[in-house]
Amino acid sequence: MALAAARRLLLHAGSRLGRREAVDGARRFANKRVLVETEGPAVMKLRNPPVNSLSLECLTEFTISLEKLENDKSIRGVILTSECPGIFSAGLDLLEMYGRNPAHYAEYWKNVQELWLRLYTSNMILVSAINGASPAGGCLLALCCDYRVMADNPKYTIGLNESLLGIVAPFWFKDMYVNTIGHREAERALQLGTLFSPAEALKVGVVDEVVPEDQVHSKARSVMTKWLAIPDHSRQLTKNMMRKATADNLIKQREADIQNFTSFISKDSIQKSLHMYLEKLKQKKG
Ligand SMILES: CCCCCCC/C=C/C(=O)SCCNC(=O)CCNC(=O)[C@H](O)C(C)(C)COP(=O)(O)OP(=O)(O)OC[C@H]1O[C@@H](n2cnc3c(N)ncnc32)[C@H](O)[C@@H]1OP(=O)(O)O
């Protein structure tokens with residue numbers, strides 16, 4: 001209830017801010033964790049430092065920004081990227097899934113589902129400019145896009161690495177992976193929790209193009225120009241034809257999926273795995 005009210009407040013604040021900045025001539029709107037520029041091809045930048053983890057607030061702001069863009073009929077495509085140096089997104093926020101209560105887990109998961117459904121079924125052209133590490137939920141964001149351009153930096157990796165954390169990617173993450181890289185590659189990568197280098201990601205089809213780091217944004221823009229040349233109605237109907245079954249698979253069992261997540265993540269053994277993983281992240285800093 002409190003979260004729904006917060007969402008309404010954010011939406012209201014977001015649109016006020018959007019109007020004010022538009023009056024200033026800069027065609028952009030922003031909330032704290034997502035900046036959207038609508039001058040030229042629209043660009044959505046995640047800015048939730050240090051690692052663009054998808055906290056509940058970040059998910060909410062992301063979903064609201066997307067909703068606003070969808071409602072603006074002059075926007076036909078969006079480039080998704082990051083403002084955090086070296087990180088596209090570290091994925092779901094582990095602190096939303098660790099040490100909380102079942103009601104929180106349920107609320108969090110509902111918002112993860114919501115963002116995924118909106119992104120995956122968006123009528124807009126989505127191109128990701130992957131300018132940093134992109135594990136798990138970060139990879140999920142990229143996979144929702146129609147085209148993925150990744151920076152050629154071997155330090156950046158991408159993939160659904162959930163099994164390394166002792167957790168399991170849900171069926172709709174898996175479905176999208178299979179749709180993108182095929183059953184055999186997905187089966188292997190999901191079990192191993194593979195984080196692909198840019199070259200490997202290109203080979204296996206996780207990304208569509210790898211370019212020098214300083215060209216990621218210009219390449220994403222030129223890809224967008226090419227896609228914008230296609231008539232919207234035929235492209236949208238085709239996208240819908242390709243993606244509807246996968247989205248419907250979640251839509252028809254959203255509540256059961258929330259229950260499943262909540263009971264899975266609440267288990268002592270899973271909480272212990274997450275604790276160990278968080279400790280490992282801390283120790284890495286040393
Ligand atoms: C039936 C359903 C089952 C459940 C399904 C759940 C599906 C889950 C999907 C997910 O997305 S889980 C998240 C997976 N993400 C990761 O494994 C990434 C972990 N992070 C990293 O590997 C690294 O942080 C990085 C992204 C490569 C960046 O490395 P860098 O050296 O630049 O920064 P760090 O020092 O490691 O991190 C800084 C700071 O941020 C914290 N942090 C990192 N990732 C997360 C995260 N995903 N959530 C929350 N916090 C994160 C990290 O602990 C550091 O914190 P401090 O020590 O500074 O407090």
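Side chain of Asp146 to main chain of Leu126: a donor-acceptor pair is present (N/O by atom type, distance under 3.5 Å, no hydrogens or angles). Panel note: side chain Ser55, backbone Asp93; no donor-acceptor pair is recorded below 3.5 Å. Formation of a donor-acceptor pair under 3.5 Å by the Asp152 side chain with backbone atoms of Val210 is not found in this model. Checked by atom type and distance alone, the side chain of Glu185 never pairs as donor or acceptor with a backbone atom of Gly182 at under 3.5 Å. Remark: side-chain polar atoms of Asn260 are not paired, donor with acceptor, to backbone N or O of Ala256 under 3.5 angstrom. A donor-acceptor distance shorter than 3.5 angstrom exists from the side chain of Ser218 to the backbone of Gln215, with no hydrogens or angles considered.
In the hydrophobic cluster analysis, where Ile, Leu, Val, Met, Phe, Trp and Tyr join through side-chain heavy atoms closer than 4.5 angstrom, Phe88 is grouped together with Tyr177. In the hydrophobic cluster analysis, where Ile, Leu, Val, Met, Phe, Trp and Tyr join through side-chain heavy atoms closer than 4.5 angstrom, Phe264 is grouped together with Leu190. Transitive grouping of hydrophobic side chains (ILVMFWY, heavy atoms separated by less than 4.5 Å) keeps Ile79 and Met124 in distinct clusters. There is no path of hydrophobic side-chain contacts, each under 4.5 Å, that joins Leu195 to Tyr156. Transitive grouping of hydrophobic side chains (ILVMFWY, heavy atoms separated by less than 4.5 Å) keeps Val43 and Ile130 in distinct clusters.
When every heavy atom of Leu46 is checked against every heavy atom of Cys58, the shortest pair comes out as CD2-SG, 4.1 Å. Counting all heavy atoms, side chain and backbone alike, Glu162 lies closest to Gly137 at OE2-N, 4.4 Å. Arg76 and Ile230 get closest at one heavy-atom pair: NH2-O, 3.4 Å. Across all their heavy atoms, Ala129 and His217 have their closest contact at CB-ND1, 4.0 Å. Closest heavy-atom contact between Gly99 and Gln271: N-OE1, 2.8 Å. Annotation for Gly193 and Leu164: closest pair O-CD1, 3.4 Å, computed over non-hydrogen atoms.
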Phe62 vs Leu119, side chain to side chain contact (heavy atoms under 4.5 Å, CB included): CA-CA, chis, key distance, verdict: CA-CA 10 Å; Phe62 197 150; Leu119 269 181; 4.3 Å; yes

Derivation of the side-chain hydrogen bond (donor to acceptor under 3.5 Å, both in side chains) call for Asp175 and Tyr120: CA-CA 12 Å; Asp175 287 346; Tyr120 193 62; over 6 Å; no

Does the pair Asp232 and Lys73 meet the rule for a salt bridge (Lys or Arg N to Asp or Glu O under 4.0 Å), with working shown? CA-CA 11 Å; Asp232 271 340; Lys73 293 302 161 215; over 6 Å; no

What verdict does the side chain to side chain contact (heavy atoms under 4.5 Å, CB included) test give for Ile258 and Gln113, after you've listed the backbone C-alpha separation in whole Å, the side-chain angles of each residue and the deciding distance to 0.1 Å? CA-CA 9 Å; Ile258 293 173; Gln113 290 179 338; 3.6 Å; yes

Between Thr38 and Asp72, is a side-chain hydrogen bond (donor to acceptor under 3.5 Å, both in side chains) present by the stated rule, with each step listed? CA-CA 10 Å; Thr38 55; Asp72 181 341; 5.9 Å; no

Could you walk me through whether Thr225 and Leu228 pass the side chain to side chain contact (heavy atoms under 4.5 Å, CB included) test, one step at a time? CA-CA 5 Å; Thr225 303; Leu228 284 168; 5.5 Å; no

List the steps, then state whether side-chain hydrogen bond (donor to acceptor under 3.5 Å, both in side chains) holds for Ser163 with Gln191. CA-CA 6 Å; Ser163 65; Gln191 288 189 58; over 6 Å; no

Set out, in order, the CA-CA distance, both residues' side-chain angles and the distance that settles side chain to side chain contact (heavy atoms under 4.5 Å, CB included) for Leu278 and Lys282, then state yes or no. CA-CA 6 Å; Leu278 281 163; Lys282 269 200 194 114; 5.7 Å; no

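The closest side-chain heavy-atom distance from Ile167 to Ser273 is not below 4.5 Å. Between Val216 and Thr81, every side-chain heavy-atom pair lies at or beyond the 4.5 Å cut-off. The closest side-chain heavy-atom distance from Val223 to Asp208 is not below 4.5 Å. Here the side chains of Leu94 and Leu281 are in contact, with some heavy-atom distance below 4.5 Å. Using a 4.5 Å heavy-atom cutoff, the side chains of Glu39 and Arg28 are not in contact. At least one side-chain heavy atom of Glu70 sits under 4.5 Å from a side-chain heavy atom of Asn123. Side-chain contact between Arg254 and Leu117 is present, with heavy atoms from C-beta onward closer than 4.5 Å. In this structure the side chain of Leu274 reaches within 4.5 angstrom of the side chain of Ile265, judged on heavy atoms.
Atom CG of Leu141 and atom CH2 of Trp116 lie 12.5 Å apart (nearest 0.5 Å). Within the model, atoms CZ of Arg188 and NE2 of His183 stand 13.0 Å from one another, a figure rounded to the nearest 0.5 Å. For the atom pair NZ (Lys267) and OG1 (Thr262), the distance works out to 11.5 Å, reported to the nearest 0.5 Å. With values rounded to the nearest 0.5 angstrom, Arg243 atom CZ is found 7.0 Å from Cys144 atom SG. Once rounded to the nearest 0.5 Å, the distance linking CD of Glu61 with NZ of Lys32 reads 8.0 Å. Rounded to the nearest 0.5 Å, atoms CD1 (Ile270) and OH (Tyr98) are 13.0 Å apart.
Of the charged side-chain nitrogens involved, none lies within less than 4.0 Å of a carboxylate oxygen, so that Glu114 and Lys110 do not count as a salt-bridged pair. A salt bridge links Lys219 with Glu209: the closest approach of a Lys/Arg side-chain nitrogen to an acidic carboxylate oxygen falls below 4.0 angstrom. By the 4.0 Å N-to-carboxylate-O rule, Glu187 lies close enough to Arg184 to be salt-bridged with it. The existence of a salt bridge linking Lys244 and Asp248 is confirmed by a sub-4.0 Å separation between a basic side-chain nitrogen and an acidic carboxylate oxygen.
For the ring pair (Phe, Tyr, Trp, His ring centres under 6.0 Å) with Phe261, the lone residue among Tyr108, Phe173, Trp109 that qualifies is Trp109. Partner of Leu80 under the side-chain contact (heavy atoms from CB on, under 4.5 Å) criterion, chosen from Lys45, Met44, Arg148: Met44. With respect to Asp257, the side-chain contact (heavy atoms from CB on, under 4.5 Å) criterion is satisfied by exactly one of Asn249, Val112, Leu250: Leu250.
Heavy-atom contacts from other residues, nucleotides or ligands closer than 6.0 Å to CG of Asp268 number 12 or fewer. The 12-atom threshold is exceeded at NZ of Lys239, counting heavy atoms of other residues, nucleotides or ligands nearer than 6.0 Å.
Asn52 and Ser89 share no side-chain donor-acceptor pair at under 3.5 Å.
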